[in-house]
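All remarks here apply to the structure that follows.
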Amino acid sequence: MRKNRGRTGRKRRRKQFSSLPSNGVNQSHILEYIQLRKWLKERGFNDRNLRPAQFSDTGRGLMTTKAFQAGELIISLPEKCLLTAGTVFSSYLGENIAKWKPPISPLIALCTFLIAEKYAGEQSVWKPYLDVLPKTYTCPVCLDQEVVRLLPEPLRRKAQEQRTMVQELYTSSKSFFSSLQSLFTENVATVFNYDALQWAWCTVNTRTVYMKHSQRKCFSREPDVYALAPYLDLLNHSPNVQVKAAFNEQTRCYEIRTDSHWRRYEELFISYGPHDNQRLLLEYGFVAINNPQSGVYVSAAHAFYLLVIFDIFRNLTFGRDGPSWRLLTALKLLCLGGDEFTYWKKVLLGDIISARNEERSLNIAAKICFSLIEETQQVLHQISQMKKDKMNLENQLALVEVLRLEDLMILQTSAEILCNMHTAIT
């Protein structure tokens with residue numbers, strides 16, 4: 001997990017987003033939300049402008065009870081409401097953390113606290129917040145291996161890396177977990193099992209806001225930049241909005257201001273950063289429909305020679321506006337004739353070398369595009385069959401299906417653009 005994820009470094013998760021506004025069903029009367037708001041009020045938060053609601057296209061989110069103007073403060077969450085590594089160190093875990101060598105990371109501290117407090121159940125001070133956290137997540141690390149195999153190749157590789165990283169994190173933390181045995185009546189191996197660590201890791205990775213803290217000697221040198229923000233983390237993502245969010249040192253609150261106008265009684269969105277759908281699924285476990293940031297990556301399997309010969313070119317993609325500049329430039333370099341190779345620098349500057357070079361590069365781009373379309377259609381057919389045979393994986397398969405359908409739409413648009421580009425030069 002890196003220091004900053006765009007916008008304010010906010011790391012979150014949410015369900016699929018539609019660009020169309022939709023009215024939600026007020027959920028503020030539900031007991032878990034009543035208890036959460038009461039708990040937050042005791043800590044200085046008493047917001048009346050946002051209420052929890054259920055939306056048909058995004059699921060759970062926050063609905064406005066008043067109109068917001070651009071630049072207006074939409075939420076201000078007091079520091080007492082935030083759950084940080086500092087909170088953990090000040091808790092009953094602090095003594096064990098201080099003694100442990102080598103020091104654990106702020107990430108593991110938060111994960112440990114979440115697992116311990118979840119185990120405490122009714123005795124946990126944080127129970128009202130824990131009760132509204134997701135019971136399960138749809139990040140790739142949580143997906144069934146059969147479903148992971150249906151992901152596009154670049155995302156599939158990153159998903160496997162994510163799974164390996166979490167497994168290694170669990171293995172390396174077992175000794176520290178064992179040192180906590182005196183705090184539990186049950187065997188800590190049962191409390192701090194892999195599934196518990198996976199849930200806690202997903203909670204931190206998908207729901208924390210970026211908040212830089214001073215380095216503590218009790219923790220490792222990994223950046224301490226995480227803060228779980230109850231209620232605020234109910235805000236969903238839209239790729240079409242911008243916000244300003246940060247911890248205000250004067251008010252001692254984490255604050256978000258919107259750059260957009262919002263009507264009364266509609267869902268209020270924030271942005272998690274300018275991420276494409278593969279990044280959103282990898283980090284947050286959802287796909288944004290009609291995401292203007294999305295593209296379809298050309299994998300090494302389709303253009304390995306480009307990656308070998310022209311290693312400077314990465315992120316070769318097809319987007320809603322056709323093949324990316326990087327992809328076309330790499331193809332133009334590949335298609336230079338023996339008498340043209342001395343002009344390679346001009347290609348990098350965007351110059352047209354010859355009609356032959358332009359036509360060859362467009363033909364290869366079209367072949368790659370149609371190959372990806374065929375692959376995507378085959379996977380969609382496979383998903384359709386699996387949804388009938390693997391009912392237990394229906395939700396996971398539906399998530400990958402949305403991603404693949406978005407990819408197919410992008411590829412079909414790119415194919416049409418390539419056809420028009422080819423017609424224009426012939």
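When reading the values below, keep in mind they use all heavy atoms of this one structure, side chains included, and skip hydrogens, waters and symmetry mates.
The pair E42-K38 does not count as a salt bridge, with every side-chain nitrogen at least 4.0 angstrom from each carboxylate oxygen. R43 and E79 are not joined by a salt bridge, as no carboxylate oxygen comes within less than 4.0 angstrom of a charged side-chain nitrogen. Salt bridge R404/E375: present, at least one basic N to carboxylate O contact under 4.0 Å. A salt bridge does not link R257 to E72: none of the charged side-chain nitrogens sits closer than 4.0 Å to a carboxylate oxygen. Residues K212 and D224 are not paired through a salt bridge, judged by the lack of any N-O separation under 4.0 Å between the basic side chain and the carboxylate.
Side chains of S260 and Q242: a donor-acceptor N/O pair is absent below 3.5 angstrom, by distance only. If you check the side chains of N26 and Y33, you find no donor sitting under 3.5 Å from an acceptor. Between the side chains of Y137 and T203, at least one donor N or O sits under 3.5 Å from an acceptor N or O. If you check the side chains of T84 and T87, you find a donor sitting under 3.5 Å from an acceptor. Judged purely by distance below 3.5 Å, without hydrogens or angles, the side chains of R163 and Q145 pair a donor atom with an acceptor atom.
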- Task: Test side chain to side chain donor-acceptor pair (under 3.5 Å) on T138 and Q396 and set out the steps.
- Result: CA-CA 7 Å; T138 51; Q396 294 184 16; over 6 Å; no
Quick one: do E255 and T251 satisfy side chain to side chain donor-acceptor pair (under 3.5 Å)? Show the steps, please. CA-CA 9 Å; E255 299 177 348; T251 63; 2.9 Å; yes
Test log, rule side chain to side chain contact (heavy atoms under 4.5 Å, CB included), inputs Q412 and L408
CA-CA 6 Å; Q412 289 173 336; L408 183 60; 3.7 Å; yes
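Distance CG/L280 to OH/Y272: 9.0 Å, rounded to 0.5 Å. To the nearest 0.5 angstrom, I34 atom CD1 is 10.0 Å from E32 atom CD. Here the CG atom belonging to D47 is positioned 7.0 Å from the OG1 atom belonging to T65, to the nearest 0.5 angstrom. Atom-to-atom distance recorded for I270:CD1 and I256:CD1 is 4.5 Å, nearest 0.5 angstrom. Here the NZ-CD1 distance, from K244 to I74, works out to 11.5 Å after rounding to the nearest 0.5 Å.
At a threshold of 4.5 Å between non-hydrogen side-chain atoms, the residues R207 and L228 count as touching. By the 4.5 Å heavy-atom criterion applied to side chains, R60 and Q27 are not counted as neighbours. Using a 4.5 Å heavy-atom threshold, the side chains of Y226 and L82 count as separate. A heavy-atom distance below 4.5 Å is found between the side chains of T58 and F269. Side chains of R51 and T64 form no contact here, defined as non-hydrogen atoms less than 4.5 Å apart. With contacts defined as side-chain heavy-atom distances shorter than 4.5 Å, the pair V204/C111 qualifies. Looking at heavy atoms from C-beta onward, Y297 lies in side-chain contact with Q278 at the 4.5 angstrom threshold. Contact annotation: the side chain of P239 never approaches that of P274 to less than 4.5 Å [non-hydrogen atoms, C-beta and beyond].
A donor-acceptor contact shorter than 3.5 Å is absent between the side chain of Q293 and the backbone of H275. Put simply, the side chain of N205 gets close to the backbone of E283: a donor and an acceptor are under 3.5 Å apart. Judged by distance alone, the side chain of S384 and the main-chain N or O of L380 form no donor-acceptor pair under 3.5 Å. Under the 3.5 Å distance criterion, the side-chain polar atoms of T317 are left unmatched by any main-chain donor or acceptor of G319. A donor-acceptor contact shorter than 3.5 Å is absent between the side chain of S414 and the backbone of R320. When atom types are taken as modelled, the side chain of R156 and the backbone of L151 share a donor-acceptor pair closer than 3.5 angstrom. At distances below 3.5 Å, at least one donor-acceptor pair connects side-chain atoms of S172 with backbone N or O atoms of L169. For the pair S91 (side chain) and V88 (backbone), a donor-acceptor distance under 3.5 Å is present. At least one donor-acceptor pair closer than 3.5 Å links the side chain of Q162 to the backbone N or O of L282.
Atom CD of Q123 is surrounded by 12 or fewer heavy atoms from other residues, nucleotides or ligands within 6.0 Å. By the 6.0 Å contact criterion, NZ on K127 is enclosed, its count of non-hydrogen atoms from other residues, nucleotides or ligands being greater than 12. A 6.0 Å sphere centred on NZ of K135 holds more than 12 heavy atoms belonging to other residues, nucleotides or ligands. Within a 6.0 Å radius of NZ in K66, other residues, nucleotides and ligands contribute more than 12 heavy atoms. Under a cut-off of 6.0 angstrom, the local environment of CG in N420 is crowded, with over 12 non-hydrogen atoms contributed by other residues, nucleotides or ligands. Applying the 6.0 Å contact sphere to CD of E416 captures no more than 12 heavy atoms from other residues, nucleotides or ligands.
In this structure, F192 has its ring center under 6.0 Å from that of F184. Checked against a 6.0 Å centroid threshold, the rings of Y170 and Y194 count as neighbours.
Ring geometry, F113 versus W126: the interplanar angle exceeds 60°, so the pair is classed perpendicular (tilted spans 30 to 60°).
Here L62 pairs with L50, P52, Y231, L234, L235 under the side chain to side chain contact (heavy atoms under 4.5 Å, CB included) rule; sequence neighbours left out.
Evaluated for a side-chain hydrogen bond (donor to acceptor under 3.5 Å, both in side chains) with S294, the options D276, N277, D407 yield exactly one hit, N277. With P323 as the partner, the side chain to side chain contact (heavy atoms under 4.5 Å, CB included) test is satisfied by one option alone out of L328, T329, I368: L328.
Heavy-atom minimum distance, I115 versus A200: CG1-CB, 3.8 Å.
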Cut-off 3.5 Å, no hydrogens considered: what does the side-chain donor-acceptor table look like for residues 97-108, sequence neighbours left out?
residue	atom	partner	partner atom	Å
K99	NZ	E95	OE2	3.1
S105	OG	I108	N	3.1

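For the pair K174 and F176, the cation-pi test (distance below 6.0 Å, angle within 45°) is failed.
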